[in-house]
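Questions regarding the structure given below will be posed in turn.
What's counted below: heavy atoms across the whole structure, side chains too, no hydrogens, waters or symmetry copies.
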Amino acid sequence: MSPAPFRSLISLTSALVCVFSAGAAQAQPPAAPAAPPSWQQGRNAEQEKSPLHPFAIEVTGKTAMLLPVDKLKVPAGFKVEVWAEGLPGARSMALGSKGTVFVGTRQLKDVYAIVDRGGKREVKTILKDLDSPNGVVFSRGTLYVAERHRITRYDGIESRLDSPPEAKVVVDGLDPQKQPGHFWKFLALGPDGKLYYNVGAPGNIVMPAYFQAGISRVDPRTGIIENYAQGVRNSVGFDWHPQTRQLWFTNHGRDWLGDESPNDTLHVATRKGQHFGYPYCHQGDTLDPEFGKNRSCSEFTPPALKLGAHIAPIGMRFYSGKMFPAEYQNNIFIAMRGSWNRAIKQGYDVTRVSFDADGKPKMEPFLTGFLVDEKADPPMWGRPNDVMVMRDGSLLVSDDQNGIIYRVSYAGK
């Protein structure tokens, strides 16, 4: 047993440790507030009170019987109808060699397959528990899926829809920073046999890393990656012109610069290595108030067409089918998911982009009726997300708001 003086010293020391520990705990600064969502980044002091916000999807989907599908309008001679439903969060589409339609999701974790059985469509959930499997491509019997962090392949899957093969990794590590925004990926197979995918800017208006805010491509045989286009804030749709083989893509402009600026845009990449402006210049002619200082928009490749402010162009395809009238050949169809970052909403349709004799593009509405009240919250009942030309020449349109796919066909006037 310790002598009394030592016991007293030990007791005093313990008491002082407790006092100092309590004081240190009280002196610690309060925890930093949680970072705001990435969509709020870039607001000024006045906009902090703005009621504008993104709109959530129906995560369980919605049956067409509960929706005003009869309000959908297409040009004379065309017909629009529900082609498949029961695909919550339906986004990008790809067509298999046996006619299977594969559908990715962004907010969910599933990939679907739609099989046509004698005119009736059967929906199967073939892949589950993936990480934002937005992008899908089918080529030579293989389904490629782009998740937020990797691209995988499923060989021979169209013959094994009920027991899909194991995933084989094409490339991994595509989201090393776990970026908070624009991490979902569109995926397309180029004429060169390489897989093209986007990595968006990690926030509304930030300086991106070298692999962000651009379109890259990877060789599916080797896994070798190349940066193809830079200064692209967030492209979630691209395709190649059937004749020139040049890459065209949609792009989302930054938020919080006002209702009318900047425009979302349509671009063409005539070669590898072009820079399209972000974060320095928007819509080809508007310098960013922060990052555009001491820069010039003339440094960058301008858009081919301004599409409208905050209109959210998503999937796009060149029309190469034979069902539609001849003037539709090589036109572009763009799914406009619609705006949230403006007081008067716009978009929520499928737009047709045609070209004049000099190759200059112009746009006009093609499929409308999803927008109900441009001032309401929410203003719409459906949101077009991707378009895909079928082998018979009809056009499929996905709607991730309700988990529905529509078919547009042409029967003549």
Side-chain angles (χ1 to χ4, degrees), residues 28-59 106-107 132 148 175 177-184 198-209 212-213 231-236 250-265 276-295 297 303 306-314 336-348 371-381 383 385 400-401:
Q28 287 181 351
S38 61
W39 61 268
Q40 292 183 355
Q41 189 267 326
R43 298 193 299 187
N44 59 35
E46 182 180 346
Q47 292 168 334
E48 293 294 330
K49 299 179 181 179
S50 172
L52 300 176
H53 62 89
F55 304 118
I57 67 167
E58 298 279 354
V59 293
R106 186 195 107 187
Q107 294 94 332
S132 192
R148 70 177 293 160
D175 186 23
Q177 299 178 352
K178 300 291 184 183
Q179 64 185 65
H182 306 142
F183 53 79
W184 47 95
N198 63 298
V199 177
N204 171 39
I205 182 67
V206 295
M207 182 60 68
Q212 296 169 326
V232 182
R233 179 179 175 272
N234 188 35
S235 176
V236 203
T250 58
N251 186 36
H252 292 203
R254 67 156 291 181
D255 297 319
W256 306 115
L257 280 187
D259 277 12
E260 303 302 332
S261 180
N263 273 253
D264 294 336
T265 43
F276 294 87
Y278 180 89
Y280 313 103
C281 174
H282 311 293
Q283 69 176 31
D285 56 14
T286 301
L287 288 171
D288 188 81
E290 178 183 358
F291 294 99
K293 294 176 181 177
N294 303 315
R295 306 301 292 255
C297 283
K306 296 178 181 179
L307 300 174
H310 315 299
I311 205 164
I314 308 284
M336 304 290 195
R337 196 163 183 261
S339 57
W340 63 265
N341 188 220
R342 68 196 312 267
I344 306 300
K345 308 300 187 288
Q346 63 179 352
Y348 304 101
L371 181 63
V372 178
D373 183 347
E374 61 188 13
K375 297 182 180 180
D377 182 2
M380 77 298 170
W381 62 265
R383 306 188 80 173
N385 216 282
D400 73 333
Q401 181 70 22

Is it the case that atom CG in Asn294 sees more than 12 heavy atoms from other parts of the structure closer than 6.0 Å?
no

Measure the spacing between CD of Glu260 and CZ of Arg342 and express it to the nearest 0.5 Å.
4.5 Å

How long is the straight-line distance from NZ of Lys49 back to CZ of Arg43, given to the nearest 0.5 Å?
11.5 Å

In terms of heavy-atom contacts, Ser38 and Pro180 come closest through OG-O, 3.7 Å

Donor-acceptor contact present, side-chain Gln41 to main-chain Ile205, <3.5 Å:
yes

For Met380 and Val372, run side chain to side chain contact (heavy atoms under 4.5 Å, CB included): C-alpha distance rounded to whole Å, both residues' side-chain angles, the deciding distance at 0.1 Å, then the answer.
CA-CA 5 Å; Met380 77 298 170; Val372 178; 5.7 Å; no

Let me see the working for Met336 and Tyr348 under side chain to side chain contact (heavy atoms under 4.5 Å, CB included), right down to the final yes or no.
CA-CA 5 Å; Met336 304 290 195; Tyr348 304 101; over 6 Å; no

Between Glu48 and Ala45, is there a donor-acceptor pair closer than 3.5 Å when you use the side chain of the first and the backbone of the second?
no

With sequence neighbours left out, write down each residue that passes side chain to side chain contact (heavy atoms under 4.5 Å, CB included) with Lys178, or none if nothing qualifies.
Asp175

Distance in Å, Ile314 CD1 paired with Ser235 OG, rounded so as to fall on 0.5 Å steps:
9.0 Å

Stepwise, does the side chain to side chain contact (heavy atoms under 4.5 Å, CB included) test hold for Asn198 with Val232?
CA-CA 9 Å; Asn198 63 298; Val232 182; over 6 Å; no

If you look at every heavy atom in Ala312 and Gly338, which pair is closest and at what distance?
CB-O, 3.4 Å

Could you pull out all residues at least two apart from Asp259 that satisfy side chain to side chain donor-acceptor pair (under 3.5 Å)?
none

For residues Trp256 and Leu52, determine if any side-chain heavy atom of one lies less than 4.5 Å from a side-chain heavy atom of the other.
yes

How about Asn204 and Arg233: do any of their side-chain heavy atoms sit closer than 4.5 Å?
yes

Please tell me if the side chains of Asp255 and Gln40 come closer than 4.5 Å, counting only heavy atoms from C-beta onward.
no

Heavy atoms only: give me the nearest Gln179-Gly200 pair and the separation to one decimal.
NE2-O, 3.1 Å

Do Pro279 and Pro208 have side chains that approach each other closer than 4.5 Å (heavy atoms only, starting at C-beta)?
yes

How far apart are the closest heavy atoms of Ala309 and Ser261, and which atoms are they?
CB-N, 3.9 Å

Asp400/Arg106 ion pair, N-O < 4.0 Å
no

Is it the case that atom CD in Glu46 sees more than 12 heavy atoms from other parts of the structure closer than 6.0 Å?
no

Supply the atom-to-atom distance Phe55 CZ to Lys345 NZ, rounded to the nearest 0.5 angstrom.
5.0 Å

Name the one of Asp264, Thr265, Asn263 that satisfies side chain to side chain donor-acceptor pair (under 3.5 Å) with Gln283?
Asn263

Would a 4.5 Å heavy-atom cut-off, applied to side chains only, mark His252 and Pro313 as touching?
yes

Straight-line distance of Tyr278 OH to Asn234 CG, nearest 0.5 Å:
9.5 Å

Is there a side chain to side chain contact (heavy atoms under 4.5 Å, CB included) between Asp288 and Arg295 once you walk through the steps?
CA-CA 9 Å; Asp288 188 81; Arg295 306 301 292 255; over 6 Å; no

When rounded to the nearest 0.5 angstrom, what distance separates CD in Gln212 from CD in Gln177?
5.0 Å

If you define the side chain from C-beta out and look only at heavy atoms, does anything of Cys297 sit under 4.5 Å from Leu287?
yes

Does any non-hydrogen side-chain atom of Asn341 lie less than 4.5 Å from one of Ser339?
no

